[in-house]
2 protein chains.
Amino acid sequence: MAEKDTVRDQIVEAAKKRFSHFGYAKTTMAEVAGDCAMSPGNLYRFFPGKLDIAEAIATEDYSKHLDHLRKIAVAPGKDARQRLHDLLFEELRRTYHKLEKDPRAYQMARVISEERPKFANWMLENERKILVELMEEAERRGEFSIADKEFTAEMVQAATMKFRYPQLWSKLTLPKLERELEGVMDLIVRGLCPNAGAEHTAEAAE
Amino acid sequence: MAEKDTVRDQIVEAAKKRFSHFGYAKTTMAEVAGDCAMSPGNLYRFFPGKLDIAEAIATEDYSKHLDHLRKIAVAPGKDARQRLHDLLFEELRRTYHKLEKDPRAYQMARVISEERPKFANWMLENERKILVELMEEAERRGEFSIADKEFTAEMVQAATMKFRYPQLWSKLTLPKLERELEGVMDLIVRGLCPNAGAEHTAEAAE
DNA sequence: ATTCTGAATAATCAACAAATCGTTCAGTCT
DNA sequence: AGACTGAACGATTTGTTGATTATTCAGAAT
């Protein structure tokens with residue numbers, strides 16, 4: 001029982017080394033098994049398949065990232081705008097740097113997202129929860145109040161989608177991306193016509 | 001001289017038929033040339049290459065679309081919010097329907113965007129100009145006024161990027177997409193905290 | 001002189017064979 | 001009985017060959 005977890009971890013560790021060294025596609029189950037001094041077949045007593053090992057690695061790594069984001073979302077001494085700013089920028093920077101300095105990890109993330117849409121969805125859901133926490137904290141502090149937080153979080157994600165998909169960046173540099181994200185955030189926070197807001201608020205609920 | 005344009009048009013017409021019938025990849029230059037009763041080599045006196053024929057077709061088609069969008073952007077009898085709504089929805093619907101009912105045209109668009117990034121960029125620029133026109137019209141009518149219209153247009157495009165890339169939709173239905181676009185538009189127009197807008201407006205210009 | 005042809009060329013694609021690799025499972029070991 | 005092995009299997013990938021096709025250009029036709 002407790003044994004199992006040890007072996008599981010050993011497999012994850014071995015796979016992590018191989019994946020980050022040679023990439024997901026270029027490491028074979030036989031190699032991972034070899035590193036753990038066991039037969040390929042035995043891996044399947046601990047994981048349903050190769051992709052699930054990658055998923056385990058990604059989950060572990062991503063969970064740490066989530067903890068970090070959660071702290072940013074409710075950081076004291078910063079107003080809601082700043083917290084949202086920090087949150088979105090942190091995600092952008094993480095993605096950008098992973099792409100730049102660790103292409104192999106990025107490639108692995110791509111494979112998982114493609115092969116396991118559920119996983120990508122789970123990540124979005126988690127980040128949405130954090131956005132909701134941020135808004136709840138803002139409400140608690142009297143910064144502002146939003147009726148449907150879950151829906152609003154979804155829309156914030158939709159509006160910042162561009163910054164989550166490197167495929168859409170087309171050789172844009174980080175500074176350029178940051179400048180754009182800053183602009184989009186402004187749009188989201190302030191709106192196109194902050195003064196005209198009052199007139200339209202009523203009719204918007206069609 | 002005037003002759004040249006006639007032949008050019010003939011080639012475009014022949015290619016248009018072939019491309020929409022069998023797809024871009026499945027039609028050969030020899031076939032297009034045959035339809036025009038000329039040799040393959042002669043096509044190259046009128047177009048640098050196959051892709052340029054496709055580009056000519058796309059440009060022609062897209063120009064009509066642009067005229068349509070321009071009308072929507074300055075339509076009388078509608079306020080700025082509605083005009084922006086109509087504009088963004090028209091683009092979404094066009095893309096969606098092209099994808100659904102004319103996969104061959106969509107595939108051609110994909111090839112052009114991939115092979116000729118400049119072209120995709122040109123399209124974005126044109127739509128940005130229309131957004132600027134919309135804002136100028138809004139200013140003229142006293143609906144609202146925006147300082148840097150070019151920049152704001154860029155940000156509106158960034159925020160609505162999701163609705164321009166079918167690759168990101170994967171199985172989302174049009175109603176769901178429309179609901180989302182509606183939400184994002186609300187975010188853009190009204191902002192997250194329309195009441196708190198005044199406090200933050202000053203500090204935002206860091 | 002200009003317009004066009006069509007064979008030559010080089011790049012791309014399709015199809016097929018060989019090899020590799022993820023996964024399974026009958027059976028061994030402890 | 002439970003943990004593990006490793007040969008066997010099928011799917012996927014890789015490598016190769018032949019054909020197709022975009023593009024060029026020397027020269028024919030007008």
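Order of the sequence lines sets the chain letters (A, B, ...), proteins ahead of strands, with each chain counted from 1.
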Peer 1: Going by the salt bridge (Lys or Arg N to Asp or Glu O under 4.0 Å) test, which pairs reach into residues 100-111 of chain A, not counting sequence neighbours?
Peer 2: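 Listed once each, the pairs are A:R110-A:E114.
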
Peer 1: Please output the side-chain donor-acceptor pairs of residues 117-135 of chain A that fall under 3.5 Å, not counting sequence neighbours, one pair per line with the distance.
Peer 2:
from   : atom 1 : to     : atom 2 : distance (Å)
A:N126 : ND2    : A:W122 : O      : 3.0
A:E127 : OE2    : A:Y62  : OH     : 2.7
A:R128 : NE     : A:Q157 : OE1    : 2.8

Peer 1: Restricting to nitrogen or oxygen on both sides, can you table the protein-nucleotides 28-30 of chain D pairs closer than 3.5 Å?
Peer 2:
none

Peer 1: Who pairs with A:E91 by side-chain hydrogen bond (donor to acceptor under 3.5 Å, both in side chains), at least two apart in sequence or on another chain?
Peer 2: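 Checked A:E91 against side-chain hydrogen bond (donor to acceptor under 3.5 Å, both in side chains); zero matches.
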
Peer 1: Going by the side chain to side chain donor-acceptor pair (under 3.5 Å) test, which pairs reach into residues 22-38 of chain B, not counting sequence neighbours?
Peer 2: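 Side chain to side chain donor-acceptor pair (under 3.5 Å) check on residues 22-38 of chain B returns B:R18-B:D35.
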
Peer 1: Checking A:T173 now: which residues fulfil side-chain contact (heavy atoms from CB on, under 4.5 Å) with it, not counting sequence neighbours?
Peer 2: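 Per chain and number, A:T173 pairs via side-chain contact (heavy atoms from CB on, under 4.5 Å) with A:P175, A:K176.
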
Peer 1: Produce a footprint string for nucleotides 6-30 of chain C: one letter per nucleotide, 5' end first; B if the base is under 4.0 Å from any protein heavy atom, S if only the sugar-phosphate is, - if neither.
Peer 2: B--------------SSBB------

Peer 1: Kindly write out the residues that satisfy side-chain hydrogen bond (donor to acceptor under 3.5 Å, both in side chains) with A:E154, not counting sequence neighbours, or none if the list is empty.
Peer 2: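 With sequence neighbours excluded, A:E154 shows a side-chain hydrogen bond (donor to acceptor under 3.5 Å, both in side chains) to no residue whatsoever.
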
Peer 1: For A:K78, check salt bridge (charged side-chain N to carboxylate O under 4.0 Å, His left out) against everything at least two apart and list the hits.
Peer 2: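 So A:K78 forms a salt bridge (charged side-chain N to carboxylate O under 4.0 Å, His left out) with A:D86.
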
